[in-house]
There are 2 protein chains.
Amino acid sequence: MSTTVPAYRRIQTAVQQLITRKGLKPGDNVPSERELAKLHGVSLMTARHALTVLEHEGVVERRRYAGTFVAQPRIHFNKLTSYTEEMSSRGLAPHSRLITGKVIYNEDEIVAQLNLPPGSAMVKIERIRYASDEPFALETCYLPNAEFPGLLAKHLGTNSLFFVIENEFGITLSYADEEVDATAADERVAALLSLSCGSPILRICQVIRSSNNRPIMYVIGQYCAQRHTLFIRRFR
Amino acid sequence: MSTTVPAYRRIQTAVQQLITRKGLKPGDNVPSERELAKLHGVSLMTARHALTVLEHEGVVERRRYAGTFVAQPRIHFNKLTSYTEEMSSRGLAPHSRLITGKVIYNEDEIVAQLNLPPGSAMVKIERIRYASDEPFALETCYLPNAEFPGLLAKHLGTNSLFFVIENEFGITLSYADEEVDATAADERVAALLSLSCGSPILRICQVIRSSNNRPIMYVIGQYCAQRHTLFIRRFR
DNA sequence: AAGTGGTCTAGACCACGGC
DNA sequence: CCGTGGTCTAGACCACTTC
C-alpha cells in the first residue's frame, strides 16, 4: 500500500486549493514561507520545499524580498500528466478512440528504449485523442508485457492508462525524458487526424520511468500542430 | 559587484568537473550526499541541494537506497542556455550570421509579451545559427531598447547575446517560459536555411526573464527539424 | 523597521538495496 | 547490517523591498 503523504505535498495541494477556492488571480500573493510553516506546523525548509515545487510547475512565482504570488496563467509547466488529467484540469471531458491494442514481439528499437532483452513481448496501444470532438493527436504506447499482465482487458478506450498503471498495478511514476521535433503528417496519420498529407506535426517521444528510474513505458505522440502547443519552462 | 557564489553552486560545478575530468561514464556513481557534505565541509541539506539541481538538469540520476549516478546522455535538460554555450559544451565552435539589427517601434504583439507600454522602442536582432557550416536555425530576438543602450554596437555577429546581457549590462537571467509548436518553412525561412518551402520547422517562442521576473527578451527560434531536436524532462 | 525569499547548519528518523 | 536517498526540525544570517 501507499506510505503516508509527505508534509510538503500536503502543503502543496493546500496552496493550490487556496488558489482555486479563493479564486486568486495572477499576481495575488499567497502565504509567505513563514506563514505556511506556522499554518501547517512544519519547519521553514519544509514549507520552502512545497513552494519550490509549485514554482517549478509554474503555479506560483517568487520575488525575492517581496513575496510569493500566483503565477500568470494556468499551464502546468514541466509536469508529467496524462491526457485524461490534462483535459479534466481544463474542465474538458477526455475522449479517446482505441485503434490498436495487442502484444507484439518484433520492434527492437523500442525494446532497447525500454531496456528490455531483445525479442521481449510488449503491449502496443494506439489511441486517437479528441478535444471537443476534433481529433488532435495520435498516441502510440509500448509497455513491457511481462510487467502488465491483463493490461489489454482494462477498457483503455475509456480508462486512463496512467490511472491503471498507478492504481491497479501499484507503480509510482517519477519522470519522463522527452525528445521533441517537427515532422509532416504521413498518409496514415493524416487520415486518422482528418488532416491533409504533409500537415505540420509536433512529435513527442517519451520514455516514462517508475520510481526506481526503470523505463516503464515508451510513448510516441503525434500532435496536430494547429491544435496543440507545448509549454515548457527552462531555468538558468 | 557580484556577491559570493553559494556553496551548493560550487559543489554543483565540482561534481560536473569530477565527471568530465575523470571521464566518468553513464551509470558510474558519483559521491553520495554524505560524502559530498564531508568533502566540502557543508551540511547534508546543502549537498542535497546541489545534487537536486544536477538531477533536474539531467546530469545525474538518483536511485533511492542505492546512490547517485552519472546520467545517460549528456543533454542538459530544462536548462536555459545560449546557442554559444550549447555549442561550446559540445566542443563545437559557434558560428552565426547577423541578418537584422535595428530599433523598431511598431510590433505591438511583442511589446505586450515584454510588458512594455504600447509603442515602446525595441531592439530587433535576427541571426542565422550554423552547426558545422550548415545553417540550422533562424533566431529573432526582441529587447526593450530603453534598457540596452548601445546594444547594437556590440558585434552581435560574433559575441554571445547572453554574455553581453549578463556581463556588460549586469543583468541576472532566471528562467524562460517557452511555447513549442511545429510549422512549415515559409519562403523567407526556406531561403535563409537552404530548405525547400514547406519543410518541417520546430518553432520555439521564449519569454526570458531576469532575476526579478521581469521579461527581458522575447525570442522566436525556427529550427530546421531534420537537424534539431529538443530534449526536455518532465516530473510527476 | 518589518517582512521577504535565499542560503545554511547540525543534527534526526525512515524504508529499502545490496552484501 | 551498513549505506543510501527522502523527509524533516528548529534554529540562523543575509540582502533587499515595501511601507
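Bear in mind the structure is a predicted one, so any value in this text is a computation, not a measurement. In the text below, chain A, chain B and the rest are named by the order of the sequence lines, each starting its count at 1.
Comparing B:Arg10 and A:Ser32 along DNA chain C, the residue whose closest nucleotide (by nearest heavy atom) sits nearer the 5' end is A:Ser32. Position along DNA chain C of the nearest nucleotide to A:Arg48 versus A:Ala66 favours A:Ala66 as the more 5'-ward residue.
Per the geometry, CZ belonging to A:Arg9 stands 15 Å off C1' belonging to D:dC8, to the nearest Å. One atom, CD of A:Glu33, and another, C1' of C:dG3, lie 12 Å apart when rounded to the nearest Å. The NE2 atom of B:His49 sits 17 Å away from the C1' atom of D:dC8 (whole-angstrom rounding). In this structure, A:Phe69 atom CZ and C:dT4 atom P are separated by 10 Å, rounded to whole Å. Residue A:Glu61 contributes atom CD, which lies 13 Å from atom C1' of C:dG5 at whole-angstrom precision. Look at CD on A:Glu55: it is 7 Å from P on C:dG6, rounded to the nearest Å. To the nearest angstrom, C1' of C:dT4 lies 10 Å from CZ of A:Arg64. When rounded to the nearest whole Å, the span between NE2 of A:His56 and P of C:dG6 equals 11 Å.
Using a 4.0 Å heavy-atom criterion, one finds that B:Arg63 contacts the sugar-phosphate atoms exclusively. Counting non-hydrogen atoms under 4.0 angstrom, A:Arg34 reaches a base of the nucleic acid.
When B:Arg48, B:Lys38, B:Arg64 are each tested for a salt bridge (Lys or Arg N to Asp or Glu O under 4.0 Å) with B:Glu33, only one passes: B:Arg48.
A donor-acceptor pair under 3.5 Å links the side-chain atoms of A:Asp28 to the main chain of A:Lys25, judged by distance alone. The backbone N or O of A:Val42 lies less than 3.5 Å from no partner atom in the side chain of A:Thr46, so there is not a single donor-acceptor pair. Proximity of a side-chain donor or acceptor of B:Arg21 to a complementary backbone N or O of B:Gln16 within less than 3.5 Å is not detected.
The stretch residues 35-46 of chain A touches DNA chain C through A:Met45, each having a heavy atom within less than 4.0 Å of the strand.
Look at B:Arg62 and you won't find any side-chain N or O under 4.0 angstrom from OP1 or OP2 of D:dT4. In this structure, A:Tyr65 does not reach the C:dG6 phosphate: none of its side-chain N or O atoms is under 4.0 Å from OP1 or OP2. An OP1 or OP2 oxygen of C:dT4 is reached within less than 4.0 angstrom by no side-chain nitrogen or oxygen of A:Thr68. OP1 or OP2 of C:dT7 sits under 4.0 Å from a side-chain N or O of B:Tyr8.
Residue pairs meeting the ring-ring contact (aromatic ring centres under 6.0 Å, His included) criterion with at least one member in residues 16-48 of chain B: none, sequence neighbours excluded.
Between B:Glu147 and B:Arg214 there is a salt bridge, with a side-chain nitrogen of the basic residue lying less than 4.0 Å from a carboxylate oxygen of the acidic one.
If you check the side chains of B:Thr68 and B:Arg63, you find no donor sitting under 3.5 Å from an acceptor.
Taking the ring centroids of A:His56 and B:Phe235, they lie at or beyond the 6.0 Å cut-off.
A 4.5 Å side-chain heavy-atom check between A:Asp181 and B:Leu230 finds every atom pair outside the cut-off.
At its two ends the helix from C:dA1-D:dT18 to C:dG18-D:dC1 runs along axes set 0° apart, each axis drawn from five pairs and the angle rounded to 10°.
Atom NE2 of A:His49 is separated from atom CZ of A:Arg9 by 7.5 Å, given to the nearest 0.5 angstrom.
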